[in-house]
Amino acid sequence: MLTSAFVLSMAFPSFLSKNGLGFLAVIALIPVFAVIKNTTWTAAGFYGFLYGFVYYRIFNYWLSAFHPLANLIVQIIKGTEMVFLFLSLKSASEWVSGKYSHILQSFIWVAYSYLSQSWFAGYPYGTVAYAFANYRLLIQIASICGIWGLNFLIIFPQALVGRWLGDLWRTGTVTEKPFREFIRKNRISLYVYAALVVFQIVFGIVSLAKWSDAKPDRTVKIATVQHNADSWAGGYATYEKNFHNLQRMSLQSLSEKPDMIVWSETAFVPSVNWYTKYPYTGTDSGASFDYLRKIQVLVDEFVDFATGLGTPLLTGNPSGEIHDASLPPYDENGDWNKDDYNSVILFENGGISDIYLKQHLVPFTEHFPYEKQLPHMYRFLKDHDYHWWKEGKESTVFTLSDGLRFSTPICFEDIFGYLCAGFVRCGADLLVNMTNDSWSGSVAAERQHSAMAVFRAVETRKTVLRGTNSGITCLITPDGKVAGEMEPFTMGWKTWDVPVFTTETYGTTIYTKVSDVTAEICVYIALAGLVAAALSVGINKCKKEKKE
């Protein structure tokens with residue numbers, strides 16, 4: 001079981017492999033299904049927690065750089081989730097006929113993958129399908145069913161082979177159920193699976209051929225500035241230094257005449273919209289007021305720079321809104337009367353033309369909704385300098401004066417397919433992911449993140465441009481090809497010729513239209529299958545007791 005957890009973690013970018021050994025994802029889980037078939041119910045639950053704990057400890061080794069407790073919290077959450085997963089898999093193994101148990105188990109695994117990212121602490125990192133990010137031929141079906149169909153196709157053969165190995169481990173079954181007989185009894189499900197794989201491959205070939213020859217409606221030149229700043233450093237001196245680095249490289253990029261310049265998530269920290277709406281002009285004395293004056297000067301410097309740039313500037317920048325309308329923006333101590341949002345601003349034609357407010361906040365670090373239910377946890381997080389943001393509610397589509405329509409999933413928002421599909425449904429023809437993964441100190445962490453962005457491009461058939469603090473800054477075309485990248489953890493800038501494929505010309509993918517419906521169907525099938533199996537077991541037990 002521990003070996004399986006290690007092997008699966010190595011399918012992804014890690015300390016052993018730059019891009020991961022994706023093929024391991026098709027064999028790593030076989031021992032899991034074999035063990036579940038032969039173990040007790042109690043042991044199945046224990047193994048589930050152990051598997052989740054160990055898998056995420058290895059896979060997310062870099063989380064400790066964020067906070068010593070971060071990895072532990074994820075391990076405990078994922079271990080607990082997998083207790084329910086393994087018990088559900090055990091139920092399917094015990095209650096369902098041998099010819100069908102692996103089918104239900106495959107639906108259960110997809111249902112778990114979806115549900116585990118759909119609650120407050122939802123965390124798609126480590127979902128099996130993402131190990132295939134580099135296998136472009138096989139991931140094209142994501143435009144139909146997202147990652148969920150691929151997840152099913154990866155799990156199905158492992159559940160089947162795992163069941164067969166589980167049978168072999170039982171006394172006397174080696175001679176009673178040889179492999180040929182096993183194949184014969186499962187031939188129908190194998191035929192269906194083979195047909196699905198053939199469809200996957202044919203669809204992949206056709207899709208790659210189509211998109212390799214696709215002519216974009218237009219090509220825009222966008223400069224990304226990767227300033228490689230220390231995420232943990234703060235204060236006026238740091239904000240000023242980072243701004244001047246961003247300013248210098250942006251001016252350099254003007255030599256290539258970009259249509260837009262992109263900075264990363266929270267590249268400029270002082271809130272531009274707050275300080276322009278509520279400028280601090282007071283003369284009060286004290287450290288807080290001195291800080292406000294210096295920040296106001298820095299914001300004014302940013303506005304002057306962005307106004308004189310002559311090119312639209314897109315940057316991550318916190319936004320502030322008045323919290324209590326009956327009170328002034330600043331109190332007598334120099335404290336703000338505001339609500340904070342993690343946001344992106346588009347500065348064009350001398351001012352902020354539009355703002356996107358992040359919709360899906362990072363659990364525990366950007367928000368924690370259980371203040372009343374878990375007051376001690378809430379206070380612990382606040383005491384350890386976590387900052388709560390307010391949630392945005394709209395899938396903003398920015399529109400440049402030249403007509404370019406794009407949206408900006410912030411940081412880990414691009415690991416949720418439904419969010420990016422929502423942007424495209426609202427009219428975005430380009431996705432610009434604004435990310436800051438520099439805190440991880442790990443190229444593997446950055447590659448795990450960018451690998452998931454590959455699926456967002458395929459799902460929506462839109463180009464994805466990633467503008468990051470320290471990596472992975474890259475361009476991903478609608479067929480999932482990573483067309484170049486900047487060196488991680490280095491300072492620099494790069495201009496990209498970004499192909500734009502409009503919905504008017506290329507239509508809308510099935511996934512964009514229906515989002516995660518495939519996963520929801522798997523949830524209902526898994527629940528219905530387990531309920532039906534439980535009822536069948538109960539009915540048979542009652543019949544047996546009556547006969548006795």
State which residue, out of Arg466, Arg456, Lys462, fulfils the salt bridge (Lys or Arg N to Asp or Glu O under 4.0 Å) condition with Asp414. Arg466
Which atom names give the shortest non-hydrogen contact between Ala25 and Ala11, and what distance separates them? N-CB, 3.9 Å
Any side-chain to backbone donor/acceptor pair from Tyr193 onto Leu153? Under 3.5 Å, distance only. yes
Can you check whether Val262 reaches Met434 side chain to side chain, under 4.5 Å on heavy atoms? yes
Are Tyr130 and Phe455 an aromatic pair by the rule of ring centers under 6.0 Å? yes
Only residue of Ile147, Ile521, Val523, Asn151 satisfying side-chain contact (heavy atoms from CB on, under 4.5 Å) with Tyr114 is Val523
Is it true that atom CZ of Phe416 has more than 12 heavy atoms of other residues, nucleotides or ligands lying nearer than 6.0 Å? yes
Of the options Thr468, Val225, Leu465, which is the one that meets Thr473 in a side-chain contact (heavy atoms from CB on, under 4.5 Å)? Thr468
Charged N to carboxylate O under 4.0 angstrom, Lys221 versus Asp497? yes
Backbone N/O of Phe6 and side chain of Ser9: donor-acceptor pair under 3.5 Å: yes
What about Phe412 and His449, are their ring centers closer than 6.0 Å? no
Output for pair (Thr399 OG1, Leu404 CG), nearest 0.5 Å, gives 8.0 Å
Trp211 and Phe501 aromatic centres sub-6.0 Å: yes
Could you check whether any side-chain N or O of Ser442 sits under 3.5 Å from a backbone N or O of Ala444, counting only pairs where one atom can act as donor and the other as acceptor? yes
Can the ring centroids of Tyr51 and Tyr47 be said to lie less than 6.0 angstrom from one another? no
Can the ring centroids of Tyr356 and Phe398 be said to lie less than 6.0 angstrom from one another? no
Is the distance between the ring centroids of Trp109 and Phe84 under 6.0 Å? no
Heavy atoms from other residues, nucleotides or ligands near CD of Gln252 exceed 12 (cutoff 6.0 Å): yes
Give the intermediate values and the outcome of salt bridge (Lys or Arg N to Asp or Glu O under 4.0 Å) for residues Arg218 and Asp402. CA-CA 11 Å; Arg218 60 180 296 193; Asp402 68 359; 3.0 Å; yes
May I ask you to test the Leu150-Gln200 pair for a side-chain heavy-atom distance under 4.5 Å? yes
Measure across Glu265 and Cys411 and return the closest heavy-atom pair with its distance rounded to 0.1 Å. OE1-CB, 3.3 Å
Keeping the roles fixed (side chain from Glu413, backbone from Ile410), state whether a donor-acceptor pair exists under 3.5 Å. yes
With Val514, the side-chain contact (heavy atoms from CB on, under 4.5 Å) member among Asp516, Thr518, Ile510: Ile510
At what distance, to the nearest 0.5 angstrom, does OG of Ser515 lie from CG of Leu419? 8.5 Å
Carboxylate-amine/guanidinium proximity below 4.0 Å for Arg405 and Glu504: yes
What I want to check is whether the side chains of Ser271 and Asn273 have a donor and an acceptor closer together than 3.5 Å. yes
Which heavy atom of Ser450 sits nearest a heavy atom of Ile476, and at what distance? O-CD1, 4.2 Å
Charged N to carboxylate O below 4.0 Å: is that the case for Arg461 and Asp479? no
Is it the case that atom OH in Tyr418 sees more than 12 heavy atoms from other parts of the structure closer than 6.0 Å? yes
Pairwise distance CG(Asn228) to OG(Ser470) - rounded to 0.5 angstrom: 5.5 Å
Provide the closest heavy-atom pair for Ser319 versus Ser343 in the form atom of the first, atom of the second, distance. OG-OG, 2.6 Å
side-chain contact (heavy atoms from CB on, under 4.5 Å) assessment of Ile345 paired with Thr315: CA-CA 6 Å; Ile345 63 172; Thr315 179; 3.7 Å; yes
State whether the number of non-hydrogen atoms from other residues, nucleotides or ligands found under 6.0 Å of Phe120 atom CZ is greater than 12. yes
State, with a plain yes or no, whether a side-chain heavy atom of Met10 is found less than 4.5 Å away from one of Ser17. no
Flag, side chain of Asn342 to backbone of Lys358, donor-acceptor distance under 3.5 Å: no
Test Trp62 against Phe12 for ring-ring contact (aromatic ring centres under 6.0 Å, His included), laying out the working first. CA-CA 13 Å; Trp62 42 266; Phe12 301 88; over 10 Å; no
Could you go through the side-chain contact (heavy atoms from CB on, under 4.5 Å) check for Phe33 and Ile155 one step at a time? CA-CA 10 Å; Phe33 292 100; Ile155 296 298; 3.8 Å; yes
Is it the case that Lys494 places NZ or CZ above or below the six-membered ring of Trp496, under 6.0 angstrom from the centre and within 45 degrees of the axis? yes
